[in-house]
Amino acid sequence: FLGVDNPAPEKLAHASEPLLSLACAVSNAIVRDKTERELIDSRTRYRLAVDGAKLAVWEYDLATKRMYLPEDMGAVAADRYGFRSRVIENVPDCMLPLGLTDADRENFLRLFDELRAGRENATADIWFRTDPEHEPRCGRVSDYTRRDATGKPGRAYGVDADVTAVKLE
């Protein structure tokens with residue numbers, strides 16, 4: 001009901017700006033909270049899946065030859081490979097002393113050659129041991145190449161699934 005004592009529409013619009021700003025801020029906070037909870041839930045599900053499947057995961061920079069492990073992969077890296085850092089330099093060369101047989105060494109190096117050549121996926125079963133006193137284990141290593149803005153292979157994302165029990169059957 002518009003009457004003589006009602007303010008002009010432009011005055012109503014101006015008066016409602018602070019309320020609109022407050023409503024947007026509250027809405028943004030609610031959305032941000034929900035998004036943060038979903039991200040935490042997603043990370044938790046991811047970590048449980050990785051742990052349950054006994055996987056090691058990493059990101060590999062083909063140009064720098066650095067492998068980056070997620071924050072919570074430190075224990076796996078130390079246990080499986082003997083590395084104490086989340087950033088592993090000079091990959092794959094630094095991994096060659098892991099007790100690889102000649103055939104496994106060749107397969108392991110082939111994976112990295114294929115990544116540098118631009119193959120989208122490179123997979124191999126590699127037997128190795130981090131300590132002469134430990135039993136060897138077999139990892140199914142799979143790397144997935146991602147190209148940079150120029151279309152050249154830039155990074156790879158990898159996973160190592162422990163398939164020792166399957167191989168020993």
Say whether, by atom type as modelled, one donor and one acceptor occur between the side chain of [X] and the main chain of [Y] under 3.5 angstrom.
| X | Y | value |
| --- | --- | --- |
| R129 | E135 | no |
| T145 | R119 | yes |
| R147 | G118 | yes |
| T164 | C138 | yes |

Might you point out which heavy atoms bring [X] and [Y] nearest each other, and give the distance in Å?
| X | Y | answer |
| --- | --- | --- |
| L111 | A124 | CD2-N, 3.8 Å |
| G139 | V163 | C-CG2, 4.3 Å |
| G158 | D143 | CA-OD1, 3.3 Å |
| P153 | L62 | CB-CD2, 4.0 Å |

Report, one line per pair, each donor and acceptor closer than 3.5 Å where one atom sits in a side chain of residues 88-100; sequence neighbours left out.
from: E89; atom 1: OE1; to: R66; atom 2: NE; distance (Å): 2.9
from: E89; atom 1: OE2; to: R66; atom 2: NE; distance (Å): 3.0

Result of checking D160, L168, I126 against R137 for side chain to side chain contact (heavy atoms under 4.5 Å, CB included):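 In the set D160, L168, I126, the residue that makes a side chain to side chain contact (heavy atoms under 4.5 Å, CB included) with R137 is D160.
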Full working for ring-ring contact (aromatic ring centres under 6.0 Å, His included) between F112 and Y60: CA-CA 10 Å; F112 291 91; Y60 177 66; 5.1 Å; yes
Side-chain heavy atoms of [X] within contact of [Y], under 4.5 Å:
| X | Y | answer |
| --- | --- | --- |
| V57 | P70 | yes |
| E59 | R146 | no |
| Y68 | D61 | yes |

Over 12 non-hydrogen atoms of neighbours within 6.0 angstrom of CG in D102: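 No, the 6.0 Å shell around CG holds no more than 12 heavy atoms from other groups.
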Co-membership, hydrophobic cluster, residues W58 and L109, 4.5 Å side-chain: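 Linked within one cluster.
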Sidechain N-carboxylate O distance under 4.0 Å for D113, R110: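 No, this pair does not count.
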